[in-house]
> 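The following block contains the structure, expressed as structure tokens.
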Amino acid sequence: MLGKILGKDFQRKKSITFTLFIFIMLSALLVSSGSGMLIKLTSSINNLFTASDAPHFVQMHSGKIEKLEIEKFAAANKLVKNHQISEMVNIDGANVSLGSGNKSEAGSVMDISFVKQNRSFDFLLNLENEPVQVSRGQIGVPIYYMQRDHLKIGDKVIISDGNFHMEFKIAYFIRDALMNPSVVHSKRFLIHEADYETLKSTSSEIEYMIEFQLTHIDKLNEFTQSYQSAQLPDKGPTIDYHSFQVLNALTDGIIAAIIILVSLLLIIIASLCLRLTILATMEEDYKEIGVMKAIGIEPNYIKRIYMTKYIVTGAAASITGYLISLFIGPLFSANIMLYAGAASETILQYMIPVMAAVSIFLIVILFAQLILRRFNKITAVEALQAGSIGETKVNFLPLAKNKHLGVNIFLGLNDIFGRIKMFIFLFFIFVICSFTIIVPVNFLHTIQSPDFIAYMGIGKSDIRIDLQQSENTDARFNEVLNYIQNDADIRKFSPMITSRFKVWGSDGVLENINIETGDMSIFPLKYLQGRAPVKEKEIALSYLNGENFDKSVGDKFRLVIDSKGNEKELVISGIYQDITNGGRTAKAVLPENQENVLWYVVSLDAQPGVNIAEKMDEYTKAFHPAKVTHLDEYLMQTLGDTIEQLKKLTVLFIVIAVFVSILITFLFMQMLLAKDLSQIAVMRSLGFSLKDIQVQYIVKILLIMSIAVIIGTILSNTAGESVISFLWSFIGASDIQFIINPVSAYIICPLILMLAVTVTTILSLLSMNKSHNINME
């Protein structure tokens, strides 16, 4: 009997059941894909770090190095399990060309280094995550360039500066656990040991990676403090195991989190849709419910009839969503597989997505049970007498008092206010749909905007010149400044020097901190709190450094300013956002200290009308081997992978939101027209035409849509900003403010939704006209 009842109900309400099925399926699909992506990301990164035998602590260093001192430190420190000093030959990008185009890497933000394979650990891997051994004349090229330039095995890599020429053939594309992601501005090219020695003999730009593996990784902070207190080489960034993991997971981790967020929005829509479906079904079956109660059928059995339908629908949709995710998931995780490789499959890779899909099913069932409690309030007599549980329609405003609006517009508005509880459902759906579209569109425009550079701890300028620390860098830095000072094409410029200092941490232990010094007012940053330092006793900290040292504006900061141990007490003037250098930087106005300098930067703006590209070419030649970059290009090269992933995701979310709005509008119109069948007949008898009735319904839907888009836009720029800021706070940007393109956010996106909803409304009116045999001619 139960089977027959369910079979007839499915036949009678195909479109309603199908719509509910689609929403639950989409929710299960996205949450399974997102959770599967996260577990794959975690497993793949762990596998990459295991296969490469990644170090736990790395100190980069430019300049002379005393290897014996490092050996003594490593031998005496009980935390050290293994250590090595890895050399890198740094080659200016202007002297390197990749692929068949023979275009040099001049203007690239990446530091290009050539290395030989390590012997102990920190191995460079091929695409099967195996350590690579190249032959003479061969080269292993980072995946970053393969993806960016569409390189192929057999393409050439040429190093040439006029006096020296070396040519390599690409034999492998390599994964580098330390330098894979684009946010890391260093890339290692692998060559044969003999080729390396040849290249090394022609270059004075040697950089060292002092690497350690520890006996207990949970002692990493303790080891870091002991290294920093030992007066060992430290002219370069310090990065640890956890930072490498975060940097590798940055792009795909944020994408996975956004996918899961959208799946949660869809389950909200599915729950609202389920409520509307159940109430509409109860409305339609009200008399039948009364009859069943009158003949003595238990209320629990009646609820079980309806509950079984939603259990079957929810289970079928959740299973379908999970099964589709098995085919769609690889599309989401393709970038993970490229950069980290496939980890060996574990039961967790299957269980987590299954559990995610099951959770969607359980949410649906729980929500259905809560709504079906209404059966307890229905009595047989009431149901047989009333025949309806429909909402009482309130006549909001008599037609006679209308003096300004057309009759059809007035009747449409009056119906909304008269049945506000029913229309509020549609309103919430449209708010969620507009939120789902506008937040990704706004964030995509924000991250592509030149103003996003402010979240990278850099003031906005036309050109940026970087000089890494090496022999005679200070002299070359002064030559750059003299050249720029005498260049009439330059409107303003700001030299900045980043140096390594010691600081007393909150636990009373000395730690290293990189501080950029110079005039912060020429190319200012946006500050989360406070302002830029303007006096010698002031310092500004990046957001993550503020968290690390547990400091805020106005707090004291004890800094060791020289090798003699002299200290200076500074006051924190501001907190700013920075997603570069691990998010841990600082800015101050301090006297220059040559013994601690790490690198130099000059930012500059050209005079109006000056060709920036030509000026960059001039400076690239004049300041060789300094790195000359346009800040727009700096942004694209650093976050290009994230931007490309976000573009694809934005298109997907627009398609989903439009699809959802079409389905919901169709479902809502079907139930609304079924409810209004007698009212439509009365209106036809009073002389209202088909066009009149269409206008009334279109007015209702578009008014709801318009208000929902306005609210959705407001939420996108408040709650949406908060969500994105939360996701990026882990890498140093806790207060991202959307840079909005008004054409796309306020015109194109709402028009797409309104057009889809309007067309669906009109088609629903025509289809309902035929299916209910209402003569509207």
> Would you give the length of the straight line joining atom CG of L41 to atom CG of L38, rounded to the nearest 0.5 angstrom?
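Reported to 0.5 Å precision, the distance equals 6.5 Å.
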> For residues N442 and E721, is any side-chain donor paired with an opposing acceptor at under 3.5 Å?
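No donor-acceptor contact under 3.5 Å links the two side chains.
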> Given 3.5 Å as the limit, does a donor-acceptor pair link the side chain of S449 with the main chain of H445, or not?
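No, S449 side chain to H445 backbone: no donor-acceptor pair under 3.5 Å.
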> Is it the case that K587 places NZ or CZ above or below the six-membered ring of Y576, under 6.0 angstrom from the centre and within 45 degrees of the axis?
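Relative to the ring axis of Y576, which defines the angle, K587 lies inside both limits.
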> Checking Q577 against D735: is there a side-chain donor and acceptor pair closer than 3.5 Å?
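No, no side-chain donor-acceptor contact under 3.5 Å.
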> Would you say the side-chain atoms of H83 and E71 include a donor-acceptor pair closer than 3.5 Å?
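Yes - a donor-acceptor pair under 3.5 Å links their side chains.
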> Can you see which heavy atom on L635 is nearest to which on I447, and at what distance?
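Closest approach of L635 to I447, heavy atoms only: CD2-O, 3.6 Å.
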> Salt bridge or not for D122 and R188, using N-O below 4.0 Å?
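A salt bridge links D122 with R188.
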> Counting distance only, does the side-chain N/O of S62 pair as donor-acceptor with the main-chain N or O of E207 below 3.5 Å?
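The answer is no, because no donor-acceptor pair under 3.5 Å joins these two groups.
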> Mind listing the closest non-hydrogen atom pair of D555 and D550 along with its distance?
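Nearest heavy atoms, D555 then D550: OD2-O, 4.2 Å.
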> Is R584 reaching over with its side chain to a backbone N or O of I513, donor-acceptor style, under 3.5 angstrom?
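Answer holds: no.
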> If I take atom CG from residue L649 and atom CD from residue E644, how far apart are they, to the nearest 0.5 angstrom?
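So the CG of L649 and the CD of E644 are separated by 12.5 Å.
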> Kindly compute the distance separating CZ (F443) from CZ (F452), expressed to the nearest 0.5 Å.
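Reported value, rounded in 0.5 Å steps: 5.5 Å.
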> Look up atom CE in M616 and atom OG1 in T629, then write down how far apart they are to the nearest 0.5 Å.
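Spacing of CE (M616) from OG1 (T629) equals 6.0 Å.
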> For the side chain of T446 and the backbone of I739, is there at least one donor-acceptor N/O pair under 3.5 Å apart?
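Flag set: sc T446 to bb I739 pair under 3.5 Å.
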> Quick one: does any side-chain atom of D519 pair with a main-chain N or O of S521 as donor and acceptor, under 3.5 Å?
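Yes; judged by distance alone, with no hydrogens or angles, the pair exists.
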> Begin from the C-alpha positions of V109 and E633 and carry the test side-chain contact (heavy atoms from CB on, under 4.5 Å) through to its verdict.
CA-CA 8 Å; V109 304; E633 188 64 23; 5.7 Å; no
> Check for a donor-acceptor pair, side chain of T718 on one end and backbone N or O of L715 on the other, with a separation under 3.5 Å.
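Answer holds: yes.
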> Looking at S573, is its backbone amide N or carbonyl O close enough to the side chain of E538 to form a donor-acceptor pair, meaning the two atoms are under 3.5 Å apart?
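Looks like no, no N/O pair under 3.5 Å.
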> Which pair of heavy atoms, one from F738 and one from S716, lies closest together, and at what distance?
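Shortest heavy-atom separation between F738 and S716 comes out as CE1-O, 3.1 Å.
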> For Y144, does the six-membered ring have the charged nitrogen or CZ of K187 within the cation-pi criterion, i.e. under 6.0 angstrom from the centroid and within 45° of the normal?
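Positive - K187 is close enough to the ring of Y144 and near enough to its axis.
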> If you take the centroid of each ring, where Trp contributes its six-membered ring, are F121 and H56 closer together than 6.0 Å?
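Not close enough - the centres of the two rings lie 6.0 Å or further apart.
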> Are D487 and K615 close enough for a salt bridge, meaning some N to O gap below 4.0 Å?
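Judged by the 4.0 Å cut-off on N to carboxylate O distance, D487 and K615 do form a salt bridge.
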> May I have the step-by-step check of side-chain contact (heavy atoms from CB on, under 4.5 Å) for V480 and I484, ending in yes or no?
CA-CA 6 Å; V480 168; I484 294 173; 3.7 Å; yes
> Show the numbers, then the answer: is there a side-chain contact (heavy atoms from CB on, under 4.5 Å) between F212 and I70?
CA-CA 11 Å; F212 296 88; I70 297 171; 4.1 Å; yes
> For the side chain of T238 and the backbone of Q59, is there at least one donor-acceptor N/O pair under 3.5 Å apart?
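Judged by distance alone, no pair lies under 3.5 Å.
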> Can you see whether F523 has K492 sitting over its ring - NZ or CZ less than 6.0 Å from the centre and within 45° of the normal?
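Judged by the rule (NZ or CZ under 6.0 Å from the ring centre, within 45° of its axis), K492 counts as positioned above F523.
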> Step by step, would you call I112 with F189 a side-chain contact (heavy atoms from CB on, under 4.5 Å)?
CA-CA 7 Å; I112 296 177; F189 288 72; 3.6 Å; yes
> Are the charged groups of K627 and D111 less than 4.0 angstrom apart, N to O?
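Judged by the 4.0 Å cut-off on N to carboxylate O distance, K627 and D111 do form a salt bridge.
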> If only side-chain N and O atoms count, and only distance matters, is there a donor-acceptor pair under 3.5 Å linking S243 with D240?
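Side chains of D240 and S243: pair found under 3.5 Å.
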> Within the side chain of E511, is there an N or O that forms a donor-acceptor pair under 3.5 Å with the backbone of Q225?
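Not a single qualifying donor-acceptor pair exists.
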> side-chain hydrogen bond (donor to acceptor under 3.5 Å, both in side chains), that's the test. Do S108 and Q637 meet it? Break it down for me.
CA-CA 8 Å; S108 171; Q637 290 185 45; 3.2 Å; yes
> Enter the distance from Q529:CD to I572:CD1 here, rounded to the nearest 0.5 Å.
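Between atom CD of Q529 and atom CD1 of I572 there are 9.5 Å.
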> Looking only at non-hydrogen atoms, find the nearest pair between L467 and A626 and report the distance.
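Taking L467 first and A626 second, the nearest heavy atoms are CG-CB, 3.9 Å.
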> Answer yes or no: is there a donor N or O on one side and an acceptor on the other, between the side chain of N82 and the main chain of Q213, under 3.5 Å?
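No; judged by distance alone, with no hydrogens or angles, the pair does not exist.
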> Under 3.5 Å, is there a donor-acceptor pair linking the side chains of N514 and T498?
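No, T498 and N514 have no side-chain donor paired with an acceptor closer than 3.5 Å.
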> Could you tell me whether the side chains of E516 and T585 share a donor-acceptor contact shorter than 3.5 Å?
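No, no side-chain donor-acceptor pair sits under 3.5 Å.
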